[in-house]
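Here the structure comes first, spelled out in structure tokens, and everything after it is commentary.
First the proteins, then the strands, lettered A, B, ... as listed; each starts at 1. If you're wondering where the values come from, they're calculated on a predicted model, not measured in any experiment. Just the heavy atoms: all of them, side chains too, but no hydrogens, waters or symmetry mates, feed the values below.
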2 protein chains.
Amino acid sequence: MLSNACKYAIRAILYLAIHSDETTKIGVKKIAEELETPQPFLAKLLRQLTSNKLVSSTKGPGGGFFLDKNNKEKSIWDVICCIDGTHKFDKCFLGLSKCSDKNPCPVHSTVSPFKKKILNEFRDKTISKLVEEIEVEGTVISLKGFDLK
Amino acid sequence: MLSNACKYAIRAILYLAIHSDETTKIGVKKIAEELETPQPFLAKLLRQLTSNKLVSSTKGPGGGFFLDKNNKEKSIWDVICCIDGTHKFDKCFLGLSKCSDKNPCPVHSTVSPFKKKILNEFRDKTISKLVEEIEVEGTVISLKGFDLK
DNA sequence: CACAAAAAAGACAAAACGATCTTTTTTATT
DNA sequence: AATAAAAAAGATCGTTTTGTCTTTTTTGTG
């Protein structure tokens with residue numbers, strides 16, 4: 001479905017959304033440990049996210065990554081577009097370039113409704129809203145080891 | 001979502017389901033041309049499908065690939081398992097190994113219902129049933145060039 | 001200022017995926 | 001028996017993805 005890179009990126013953003021803010025910055029090392037992801041690889045992804053304004057960062061001692069207000073108004077969809085590209089969800093399930101609602105492939109009617117719904121959910125919900133829901137529902141989870149908090 | 005290999009394989013099976021039977025066998029060359037897929041690559045995939053009993057074949061002049069009755073009772077899901085592996089649809093969207101209904105990741109509730117439904121559709125519907133539906137609905141499409149028939 | 005902590009940048013390596021090419025085996029036909 | 005058509009088998013190659021490593025830049029602190 002998504003690339004590894006994209007999965008790491010989403011988890012990192014959610015981690016930052018929960019644990020960081022303008023005054024609490026977090027270094028790659030810490031993030032990679034908590035998420036159990038390869039550290040240098042994650043560093044590269046964070047750079048990409050930073051240069052696309054999805055994450056903020058400061059250098060030097062006490063520096064690190066964090067989400068500011070603008071960053072928290074972004075969506076999961078923005079992250080997917082940034083890492084995996086825009087066409088992750090609009091491509092035909094069977095890879096046919098001309099598949100569409102009007103000219104459907106044999107599985108279009110099965111797959112298309114779900115893709116549309118998921119796309120909408122990911123596109124319309126901000127990171128901050130998503131984190132809020134997670135916390136309200138009590139389903140907050142440490143992304144490390146995956147234990148309930 | 002699916003690998004290229006798997007997309008080619010599904011299209012090839014559907015093509016064979018529509019155009020072949022025990023007495024009408026089709027060679028790789030023809031199939032690859034019709035589906036506009038790389039020929040040697042498709043040949044390798046057809047071998048894999050054949051050795052897994054999803055497709056039948058005979059060698060020699062007049063030989064080729066076709067679907068027999070058993071083959072037509074298989075499902076799209078069988079094809080996906082054969083080419084991309086069993087875990088294509090049961091893995092967590094964020095790649096977390098321990099994600100489940102009881103221990104959900106932050107996007108589990110969004111993604112999970114859709115994955116389950118699609119999985120069921122692909123698993124429960126036989127190739128022959130699928131082709132039947134396609135033909136009844138009049139949405140039969142040549143997989144080449146993707147024009148309505 | 002010197003130092004150390006951190007991100008930024010980019011070169012490099014390994015594995016998976018996509019695709020091609022050549023050779024071998026089987027088999028129908030003449 | 002010879003030939004040719006077809007799948008089977010497997011060696012090879014290029015690209016993308018995944019991941020590591022080293023160097024540079026920035027910046028806060030003693």
Side-chain angles (χ1 to χ4, degrees), chain A residues 1-12 16 20 22-33 35-68 71 80 82-85 87-88 91 95, chain B residues 1-12 16 20 22-33 35-68 71 80 82-85 87-88 91 95:
Chain A
M1 186 73 97
L2 300 180
S3 68
N4 272 358
C6 198
K7 291 171 185 169
Y8 296 159
I10 293 173
R11 289 166 60 201
L16 287 173
S20 81
E22 277 88 345
T23 61
T24 316
K25 299 158 189 176
I26 310 178
V28 204
K29 202 182 162 204
K30 169 79 171 166
I31 304 174
E33 274 169 11
L35 302 184
E36 292 176 314
T37 59
Q39 210 230 76
F41 192 46
L42 184 63
K44 201 191 273 187
L45 294 171
L46 285 169
R47 249 177 283 153
Q48 197 175 337
L49 293 171
T50 302
S51 70
N52 283 278
K53 315 276 184 199
L54 296 176
V55 165
S56 304
S57 71
T58 58
K59 288 180 173 184
F65 295 94
F66 63 99
L67 300 194
D68 66 16
N71 301 145
I80 294 174
C82 177
I83 305 292
D84 277 356
H87 296 293
K88 202 72 194 189
K91 276 191 298 189
Chain B
M1 186 75 93
L2 301 179
S3 67
N4 271 0
C6 198
K7 291 172 186 170
Y8 296 159
I10 293 174
R11 289 166 61 202
L16 288 172
S20 82
E22 276 87 347
T23 61
T24 317
K25 299 158 190 176
I26 310 178
V28 204
K29 202 182 160 204
K30 170 80 171 167
I31 305 174
E33 273 168 13
L35 302 184
E36 294 178 312
T37 59
Q39 211 230 74
F41 191 45
L42 184 63
K44 200 190 276 185
L45 294 171
L46 284 168
R47 248 178 284 154
Q48 196 176 338
L49 293 170
T50 302
S51 70
N52 282 278
K53 314 276 184 199
L54 297 177
V55 165
S56 304
S57 71
T58 59
K59 288 182 173 184
F65 296 94
F66 63 99
L67 300 194
D68 66 16
N71 301 144
I80 295 173
C82 177
I83 305 292
D84 277 355
H87 297 292
K88 202 72 195 190
K91 274 191 300 191

TODO: Assign B/Ile83 to base, sugar-phosphate, or nothing according to its heavy-atom contacts below 4.0 angstrom with the strands shown.
DONE: nothing
TODO: With heavy atoms under 4.0 Å as the rule, sort B/Leu45 into base, sugar-phosphate or nothing.
DONE: nothing
- [ ] Please list, chain by chain and in numerical order, all residues satisfying salt bridge (charged side-chain N to carboxylate O under 4.0 Å, His left out) with B/Lys7, sequence neighbours excluded.
- [x] none
Rounded to whole angstroms, how far apart are [atom1] on [X] and [atom2] on [N]?
{"X": "B/Lys7", "N": "C/dA19", "atom1": "NZ", "atom2": "P", "result": "11 Å"}
{"X": "A/Leu46", "N": "D/dT20", "atom1": "CG", "atom2": "P", "result": "14 Å"}
{"X": "A/Leu16", "N": "C/dA7", "atom1": "CG", "atom2": "P", "result": "11 Å"}
{"X": "A/Leu42", "N": "D/dT20", "atom1": "CG", "atom2": "C1'", "result": "14 Å"}
{"X": "B/Gln39", "N": "D/dA7", "atom1": "CD", "atom2": "C1'", "result": "11 Å"}
{"X": "B/Ile31", "N": "D/dA7", "atom1": "CD1", "atom2": "C1'", "result": "11 Å"}
{"X": "B/Lys29", "N": "C/dC21", "atom1": "NZ", "atom2": "C1'", "result": "16 Å"}

Task: B/Ser20 OG to B/Ile31 CD1 distance, which is reported to the nearest 0.5 Å - done: 7.5 Å
Do any side-chain atoms of residues 57-64 of chain A form donor-acceptor pairs under 3.5 angstrom with protein atoms, and if so which ones, sequence neighbours left out?
none

- [ ] Mind jotting down which residue pairs meet the ring-ring contact (aromatic ring centres under 6.0 Å, His included) criterion with at least one end in residues 37-61 of chain A? Sequence neighbours excluded, please.
- [x] A/Tyr8-A/Phe41
Enumerate all atom pairs, one protein N or O and one N or O from nucleotides 10-18 of chain C, separated by less than 3.5 Å.
unit_1 : atom_1 : unit_2 : atom_2 : d
C/dG18 : OP1    : B/Asn4 : N      : 3.2

Task: Under 3.5 Å donor-acceptor, B/Lys88 side chain and A/Met1 backbone - done: no
TODO: Could you tell me whether the side chain of B/Asn52 and the main chain of B/Gln48 form a donor-acceptor pair under 3.5 Å?
DONE: yes
- [ ] Could you tell me which non-hydrogen atom of B/Leu67 sits nearest to which non-hydrogen atom of B/Leu54, and how far apart they are?
- [x] CD2-O, 3.7 Å
Listing, residues 23-30 of chain B side-chain donor-acceptor contacts under 3.5 Å, not counting sequence neighbours, or none:
unit_1  : atom_1 : unit_2  : atom_2 : d
B/Thr23 : OG1    : B/Asp21 : OD1    : 2.9
B/Thr24 : OG1    : B/Asp21 : OD1    : 3.2

Task: Positions of residues 48-65 of chain A (non-hydrogen atom under 4.0 Å from DNA chain C), listed by number - done: A/Thr50, A/Ser57, A/Thr58, A/Lys59, A/Gly60, A/Pro61, A/Gly63, A/Gly64, A/Phe65
- [ ] Report yes if the side chains of B/Ile10 and B/Leu2 come closer than 4.5 Å at any heavy-atom pair, otherwise no.
- [x] yes
